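What you are looking at is a predicted structure, and each value in this text was computed from that prediction instead of being measured. One is the number of the first residue; the rest follow in order along the sequence.
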Amino acid sequence: MHRFANPARFLSIAKPLTPVLFWPGLLLALGACWWGLTQVPAERLQGDTVKILFVHVPAAWLGMAGWSGIAIASICLLYTSDAADERSS
């Protein structure tokens with residue numbers, strides 16, 4: 001696994017695989033959205049309104065992951081930048 005920490009080595013594999021995996025992944029994601037919003041039967045108490053969870057929950061998780069990534073990167077930057085050295089002196 002550490003072999004792929006080298007960007008040139010990783011990109012030599014990732015560049016040719018990107019178009020090959022992008023289109024099947026896109027079709028799979030679109031098919032899953034279509035199936036989840038049109039083919040799933042209505043829930044007993046809430047009816048069709050519960051289908052919004054198939055979109056809302058993954059979007060919320062992606063949003064939380066994005067903000068968490070930004071927060072972690074900001075904290076790392078604060079502790080590793082020159083500003084951190086200037087604060088401590």
Side-chain angles (χ1 to χ4, degrees):
M1 193 64 162
H2 289 83
R3 295 181 307 143
F4 299 117
N6 181 342
R9 197 173 293 152
F10 172 76
L11 288 175
S12 70
I13 294 171
K15 279 186 179 181
L17 286 178
T18 298
V20 173
L21 296 176
F22 173 76
W23 294 110
L26 182 65
L27 288 174
L28 185 64
L30 290 174
C33 287
W34 171 80
W35 180 80
L37 294 174
T38 62
Q39 302 301 310
V40 173
E43 202 260 338
R44 183 175 64 90
L45 297 175
Q46 295 180 353
D48 284 333
T49 58
V50 78
K51 292 181 183 182
I52 192 67
L53 293 175
F54 292 126
V55 176
H56 175 76
V57 173
W61 273 98
L62 284 173
M64 288 189 303
W67 283 110
S68 298
I70 291 171
I72 291 168
S74 298
I75 291 168
C76 290
L77 181 66
L78 284 175
Y79 284 108
T80 60
S81 68
D82 292 335
D85 295 336
E86 291 173 9
R87 266 195 329 256
S88 63
S89 56

What side-chain donor-acceptor pairs closer than 3.5 Å can you find for residues 28-43, not counting sequence neighbours?
from, atom 1, to, atom 2, distance (Å)
W34, NE1, T38, OG1, 3.3
T38, OG1, W34, O, 2.5
E43, OE1, L45, N, 3.0
E43, OE1, Q46, N, 2.7

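- Remark: W67 pairs with I70 by the side-chain contact (heavy atoms from CB on, under 4.5 Å) rule, at least two apart or across chains.
- Exactly one of V55, D48, T49 qualifies for a side-chain contact (heavy atoms from CB on, under 4.5 Å) with K51. That residue is D48.
- Summarising the hydrophobic clusters (Ile, Leu, Val, Met, Phe, Trp, Tyr; side-chain heavy atoms under 4.5 Å, direct or chained), the residues clustered with W61 are V50, L53, V57, M64.
- Looking at every heavy atom in both residues, P24 comes nearest to V20 through CD-O, 2.9 Å.
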